[in-house]
Protein chains: 2
Amino acid sequence: MGLAGHEVVAAVLQVRAGSLQVMLWQRGKEPHAHRWSLPGGGLGDEEDVETSIRRQLAEKVDVRQLSHVEQLAVFSNPARVPGARVIATAFLGLVPSDIDPVVPSDTCWHPVDSLPPTAFDHEAICARARNRLAAKLSYTNLGFALAPPAFTISALRSLYSAALGYKVSATNLQRVLSRRGLLEPTGATAPPGPAGGRPAALFRFVSGEMRVTDPFAVLRPPSTRSLGP
Amino acid sequence: MGLAGHEVVAAVLQVRAGSLQVMLWQRGKEPHAHRWSLPGGGLGDEEDVETSIRRQLAEKVDVRQLSHVEQLAVFSNPARVPGARVIATAFLGLVPSDIDPVVPSDTCWHPVDSLPPTAFDHEAICARARNRLAAKLSYTNLGFALAPPAFTISALRSLYSAALGYKVSATNLQRVLSRRGLLEPTGATAPPGPAGGRPAALFRFVSGEMRVTDPFAVLRPPSTRSLGP
DNA sequence: GCAAAAGTGTTCCATTTACACCCATGC
DNA sequence: GCATGGGTGTAAATGGAACACTTTTGC
């Protein structure tokens, strides 16, 4: 194993059954036996932290279809884990809602709203992940990482509502994302439900790479003429 | 020294002489002799990364008056430094424009626009620091960390212009910051210059702690009545 | 009085929200 | 036909940008 005293962990989030959930595994041994823990582990000699967390998620829990991975922060409190000192680089990982990864028997998903007893500082890491996701949904195209390849606007609305924690209007969601050029219609439609109703058009995200779409909320650079240096 | 293979470094930024500058020291020895480097060093046994970078800045370069410190990211490319592997937690540090820290003779300030040859990945870290500062000036009260205890609006305008890299209007700057409740008049005024002119009122920032002031650019929660879950 | 710098009032514009209305389908 | 969900048109509100105008000083 590579660098001693350093680990990488990830809060992998997905919207499942209408709520935002995080993947946790239950520890079998001390310390913190039976508590729930984020996946992760040591850093290899030849890998950077992002490569490492992707490898470990793929090896340990078969999460290969991450639609987005980004660094959150370093957690370095000397007492964060008992025993020899370990500092952690924490990541946010996202999985589209149509994927159901095969996970080991000690691993399952938990709503971020009601976490079971967690190990170490993993609750704080989950909270950080959640906040980062909510913030970026507002000013980037990160919705692509929660959504399947094609979706109706109302399906997208549920994803955003679950991730943000409050109801989002389908009308305005479509308008905002369309005006920013993030959505395009696939041309196909979804069949209506048993109760009838107009068939919903299917959309896709134009890009699968994260991009900032609302860079300057205020204090924009002057628009037309230069005001000088 | 504490944890092997891990260091903390900081891009300390300050607006000096109308431009945004970063504090760098010139390396005397290999590797990367004569190149310019960010201050930092190893992590002690009993300190977390933020405590560590604050200690090192205070010890090595007498920067005790940091108005703001925040984590940027971990830089972990296995080849980022020659020899034994070292990963770095990078910080952004800010110093108010009225402070002139005493720095060692090998250390000086450089405009972030025209950096000298830098060591390792320190140029990328500077770029990250700069971008973070510019972004947070727009949606937080972080201006307090660049400004002296009391200042005129046009002085504040220069600070924002230097940090953002483009001209900011004094009129709108005052309006935006006042509406958000970030500024308050001290009651005093600054004397006009030799050419005359109306004396400028002095202002201060209400808070010296960073706070997000513009949390939802779009996709706000519904305003009045709840739409249900 | 005049120039210079500071501050305010007003208008304009972009964007988002809210809501009413129209559309397409199953029964 | 009518209930049900989907989509659009449109008005209202928000908030920032631009710019003209007033205020206060030095000379």
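Naming convention: chains lettered A, B, ... in sequence-line order (proteins, then strands); numbering from 1 in each chain. Not measured: the values here are computed from a predicted model.
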Evaluate the salt bridge (charged side-chain N to carboxylate O under 4.0 Å, His left out) criterion for residues A:Asp113 and A:Arg130: first the C-alpha distance (whole Å), next the side-chain angles of each, then the deciding distance (0.1 Å), finally the verdict.
CA-CA 10 Å; A:Asp113 280 333; A:Arg130 200 186 167 175; 2.6 Å; yes
Take atom [atom1] of [X] and atom [atom2] of [N], then tell me their distance rounded to the nearest Å.
{"X": "B:Leu219", "N": "C:dA18", "atom1": "CG", "atom2": "C1'", "value": "15 Å"}
{"X": "B:Lys167", "N": "D:dA17", "atom1": "NZ", "atom2": "C1'", "value": "16 Å"}
{"X": "A:Phe203", "N": "D:dG6", "atom1": "CZ", "atom2": "C1'", "value": "10 Å"}
{"X": "B:Arg179", "N": "C:dG7", "atom1": "CZ", "atom2": "P", "value": "18 Å"}
{"X": "B:Gln174", "N": "C:dA5", "atom1": "CD", "atom2": "C1'", "value": "14 Å"}
{"X": "A:Leu177", "N": "D:dG7", "atom1": "CG", "atom2": "P", "value": "14 Å"}
{"X": "B:Arg157", "N": "C:dA6", "atom1": "CZ", "atom2": "C1'", "value": "12 Å"}
{"X": "B:Leu173", "N": "D:dG16", "atom1": "CG", "atom2": "P", "value": "12 Å"}

Give the nucleotide from the list D:dG9, D:dA17, C:dA6 with an atom nearest to the side chain of A:Thr171.
D:dG9
Nearest to side-chain heavy atoms of A:Ile153, which nucleotide of C:dT16, C:dA6, D:dG7
D:dG7
Give me the atom names and distance for the closest heavy-atom approach of A:Phe75 to A:Arg128.
CZ-NH2, 4.2 Å
When you look at CD of A:Gln174, are more than 12 heavy atoms from neighbouring residues, nucleotides or ligands closer to it than 6.0 Å?
yes
Under 4.0 Å: is that the gap between some side-chain N or O of B:Arg220 and OP1 or OP2 of C:dT16?
no
D:dA17 phosphate, OP1 or OP2: any side-chain N/O from B:Ser169 under 4.0 angstrom?
no
Using the closest heavy atom to pick a nucleotide of DNA chain D for each, name whichever of A:Pro199 or A:Arg175 lands nearer the 5' end.
A:Pro199
Report the residue (A:Ala201 or B:Asn172) whose heavy-atom-nearest nucleotide on DNA chain D is the more 5′ of the two.
A:Ala201
Can you classify the ring geometry of A:Phe205 versus A:Phe151 as parallel (below 30°), tilted (30 to 60°) or perpendicular (above 60°)?
tilted
Report yes or no: is there a donor-acceptor pair, N or O only, under 3.5 Å between the side chain of A:Arg198 and the base of C:dT25?
no
For the pair A:Thr118 (side chain) and A:Ser37 (backbone), establish whether a donor and an acceptor sit closer than 3.5 Å, ignoring hydrogens and angles.
no
